[in-house]
Structures are given as C-alpha cells and as structure tokens.
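We're numbering straight along the sequence, starting at 1. As the structure is a prediction and not an experimental result, all values here were calculated from the model.
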Amino acid sequence: MSFRACAIVPCYNHGATAGAVVERLVAYGLDTLVVDDGSDATTGQALRVLAMQQPRMQLLRLEPNRGKGAAVIHGLREAAKRGFTHALQVDADGQHDLKDVPRFLQEGERQPNAVVCGQPGFDAGAPASRRYGRWITHFWVWLETRSFAIGDSLCGFRLYPLAPTLALANRARLARGMSFDIDVVVRLAWEGLPIVNVPTTVTYPPGGISHFRLWRDNLRISGTHARLVLGMLWRLVFRPRRETHWSRTPERGSTLGMRVVMAAWHLLGPRAARVAALPAVLWVFATGAQARRASRAYLTRLGASSAPPTWWSVLRHMYTFAEACIDRFAAWQGVVAPVDFHGEAEFRRLSDEKRGALFVGSHLGNLEMVRALATLGDVAKITAVVYTEHGRRFVDALRSTNPRFAENLLEVADFGPDTAVLLKERIDRGEILVIVGDRTPATENGRYANALFLGQAAPFPQGPMILAHLLECPVYLFFCLKRGLRYDLHLERFAERVELPPRSRDEAIARYVAEYAARLEHYCREAPLQWFNFYDFWHEPVR
C-alpha cells in the first residue's frame, strides 16, 4: 500500500495559534488542510491571510459552526479527493508537541492500516479536572473495546488511514462535537484496525483558548459512551458469531451433483452445464447462511458508497463461482476460451530459460487456467501448491475426468521446513510454483499480517512471503479474470527477490502483504463478482 499523508487542522476561533501550528506542519513537508469551522470574522481573516502566505496550506470553510467531528470528517473527505492515503489530525490550539510529527508518520508508513494515536503526558499547567476526567473516559473505552489497546481516546493528535475511516463515516453516525475523538477510535477498533500509541507531550499555555464546556461537553461525552456501551452489548449478544475457519468448513455440494453437471457438459455443452448447475447454486444459497453473510460482507465493502447488496447480488456472486468451476472443468478437457495474456512475453521467457519462479495468485477469477494452459500446451513445468482437503470432492471429480489434472499438483497441510526444502528443489529444477495468498493459514498457529483491504484491516497469511524469501527466486502476481466470453490473464512482476532483513522482518512482511492486498483489491474492483472466498474474511476465526 502506498503512503501519502497530509495534515488536517480543525479550527474554531484559534486564529492566534493556528499560524504557528501550520508553519510547523508545512516545515515537515505536509500539505495542510485547515478547516475553519464557522469561526468569527477576526479568525476568518487571519486564516485567509495565512493561506496566502503558505502555498502548501488549503483553507476550507464550514458555515455555521458544526463541531469538531464534522470539521475533521470534512477534512478527511477532502484529503481523500486529493489522493492522500493518510491524514494527521492536529488541533489548532497549539497544545500538541509537533516535534513528534515524524514519529507519527514513521509509524503510519510502517503499519499503513493502523490508527496512530497520541498518548499524552501533561505538563504542570494541565487542569487537575481534565487529568482525572480522562481516567473516567479510559475506563469506559477499555470496557467498550474490551481491551487496553487504546492508550488515550481524547487526544486530538492522531494519524488516520483514510479508506477505512471514511468507510466507517459513510455507514455510521459519528459524534459531531468534542466526543468525536472517542467515538471514531472506538469504532475503528471494533472494525479490527490496529492501534499504535505514540507518547507525546501536551501543554496548556497561559491564556490558551479552550472550547470545552464542563457541563455541556461532559454530558455529550456521557451520551457517546452510553451509545458505545450499548453498541458493545449489542455486538456481544446479537452479532453473528465468527464463522468457522475456512479449512474446517464442510465442503458443500455432492459428488453426484458435480457429475451431473459434468455429464451435461459432455452431452449437451457448456450452456446445459450452466443450467444443470443452477439447482445446486439455489440449494447452497438457501442453506448456506455463512456463505450468504460472507458474500454480502464482501459486496458491501466493495461498494461502500452504493446501495447495500441485495439477495440477487449474492445469488449472482454464487452462480459466478459455479460458472468458474465449469470453466475449469472445460479447460481440462482442452476447451479453453480465447485468452488475452498480459505478460505473456515474461511467461515465455521463464519457460524458455527453464528458470524457476513463484506465482502468487488468489481466489479471484480462474487461477487454474494457467496450469491448464501450460500442461495442455507443454509450455512450462508448473506445480500448483494447494491445500485440497477443503475441496476434495471437486478435485477428485476433475481428476476422474482428466488424469493429467493430478500431474504437478502438490497437496500440503501447511508450509513447514520439509515442504520448503521440497519446493526449493523444484525451483532449482526450473519449475514454476503457483500458490494463493488470500487465505489465512489452515493451522491454528499459522501466522498472518493485517493489511488494508477494501477499506478495512484483514488478515493475510505470512506464509507466501516467507516461502518466497526462502525460495530465493523471482516472484510474480497472477490474476485470471473472465471478460464476457474471453479471459484476461495478468502476470505482474512482484519482486526479483523477497528480502526479509532479520531486524525488520515483520515490517518487511507487512509491506509485501500490503502490496499484494492492494493489487488484489485493484482486480477485485475490475471483476467484482469473481472473488470466491465465501467465509468471514475480515476477522480471524475462533472456532
């Protein structure tokens, strides 16, 4: 994932201090959006003069005053329109120690899907009531999130990843006033975003202007906590339990049903096979609650700004999967749709040079196409490394129709040391290995890294990147999407070598995983109904 940050400064009658804040932010190379939240005429004039003096400052105006939360959200939306991926929120009152700005940016670049929050240490000028009052909020936030991940929910010094924050703002009614900082960070934590706390100093300069009103704002904060506690209880009681891990979800469909579809294909052709598949799809749709929820969750995130997906969208998603399975079967019978191969020259070069490589694919489109083409055309030695226990019936059905399907199909339970040695031998012989990178490990102790995917943090397996590092070979991304009656094959160079320095191994893995997730998201948007992960992808399963 790319990292391009700006700063957002919500301002309400802080004309005397906003200039120094903006000057410091611009000095760090940050484009700065100042949101004038209905300030008085004096502040408005001061901000207009400041904007003329600072080329990297953009002044936005809200009229009338709408509250801090509304100002911040307005700034986040404008930042996204300008192509930024992250926004550093800084209050205009001059209380934040801006020498810590580089630390926030470094943490954001290291963990691009995290919310980086200031954890303040107060100077002697801080009012005792404010210090003690924070502990009351800490208690409620820890209860609402059922964790201690958020060090301080009131600090207005914070770096937001824009995509998930705006996705949240599009579907949730966030607090518009002073309690916005609490509301948004708790809800982002509910969404699964990592929270990174950066210690920072907060000062209360003499004569500083505070818009905090003791009774009014405490009452509003109490109301926000009440809503969040109710939301937490609702999630505990009514939210569907996390789904069974994909590797332990029983394979749906019968061998007889698959053979009926294949027989229809043999006797009457592809159209008859698609008709024969319809009853099976309707049965899975009617009885597969987990698959329906997973499809709806994916389609909702894919089009966060459009209307929620209907039951018809979910049914089409499932039927598209059935069509993809029929196309795989057809490919292994030698009937392959016309193909536009983007990256064919690179593929041919690898084949001619007998050079080993790793292809990282996904459950998007028809990954099987590359192996069918290579095997049927004797183009290259390609081995698919798969976890087949979950799809045993479908694999056995394909194997029964074409014995060559089983050639160069390596079934594994996990990627342990023995597997790595075996795969390294194949790479050294010049084979191309194909694996998928969009399913969490099949074992309970498998490691994963969170990456931003369709606006929310999702777990991706570390195994493909670790394996790529151990194999010491070129790595490519492979996607095969259907366009009408044709296929688009995309082969992209990912890395000549995947390097994992010992001292920054986890950070390097996170970067590679984020890059993979970004390309997967790109192609999911190209072919929305062709991503076939029908399980709760955004949360690590617990059963």
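- Residues passing the side chain to side chain contact (heavy atoms under 4.5 Å, CB included) test with Ala20: none are found, sequence neighbours excluded.
- Asp40 is linked by a salt bridge (charged side-chain N to carboxylate O under 4.0 Å, His left out) to nothing, counting only residues two or more places apart in sequence or in another chain.
- In this structure, Glu109 has no salt bridge (charged side-chain N to carboxylate O under 4.0 Å, His left out) partners at least two apart in sequence or on a different chain.
- Taking the side chain as every heavy atom from C-beta outward, Arg77 and Asn170 approach each other to under 4.5 Å.
- One side chain, Asn366 or Tyr487, offers a donor N or O that lies under 3.5 Å from an acceptor on the other.
- Here the side chains of Leu228 and Trp140 are not in contact, with every heavy-atom distance at 4.5 Å or above.
- Put simply, the side chain of Phe104 does not reach to within 4.5 Å of the side chain of Arg158, judged on heavy atoms.
- Of the possible polar contacts, none joining the His363 side chain to the Trp531 backbone as a donor-acceptor pair under 3.5 Å is found.
- Counting only heavy atoms from C-beta outward, the side chains of Glu492 and Tyr523 approach each other to under 4.5 Å.
- A search for salt bridge (charged side-chain N to carboxylate O under 4.0 Å, His left out) contacts involving Arg82 returns Glu78, not counting sequence neighbours.
- Contact annotation: the side chain of Leu500 approaches that of Ile509 to within less than 4.5 Å [non-hydrogen atoms, C-beta and beyond].
- Under the 3.5 Å distance criterion, the side-chain polar atoms of His74 are left unmatched by any main-chain donor or acceptor of Val72.
- With sequence neighbours excluded, no residue forms a salt bridge (charged side-chain N to carboxylate O under 4.0 Å, His left out) with Arg146.
- The closest side-chain heavy-atom distance from Asp438 to Phe453 is not below 4.5 Å.
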Problem set entry | Verdict with reasoning, Phe359 to Phe494, per ring pair (Phe, Tyr, Trp, His ring centres under 6.0 Å) | CA-CA 9 Å; Phe359 287 7; Phe494 184 70; over 10 Å; no
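- In this structure Ser313 satisfies the side chain to side chain donor-acceptor pair (under 3.5 Å) test together with Thr310, sequence neighbours excluded.
- A side-chain donor-acceptor contact under 3.5 Å links Gln45 and Arg48.
- Contact detail for Asn113 and Leu193: the closest heavy-atom pair is O-CG, 3.4 Å.
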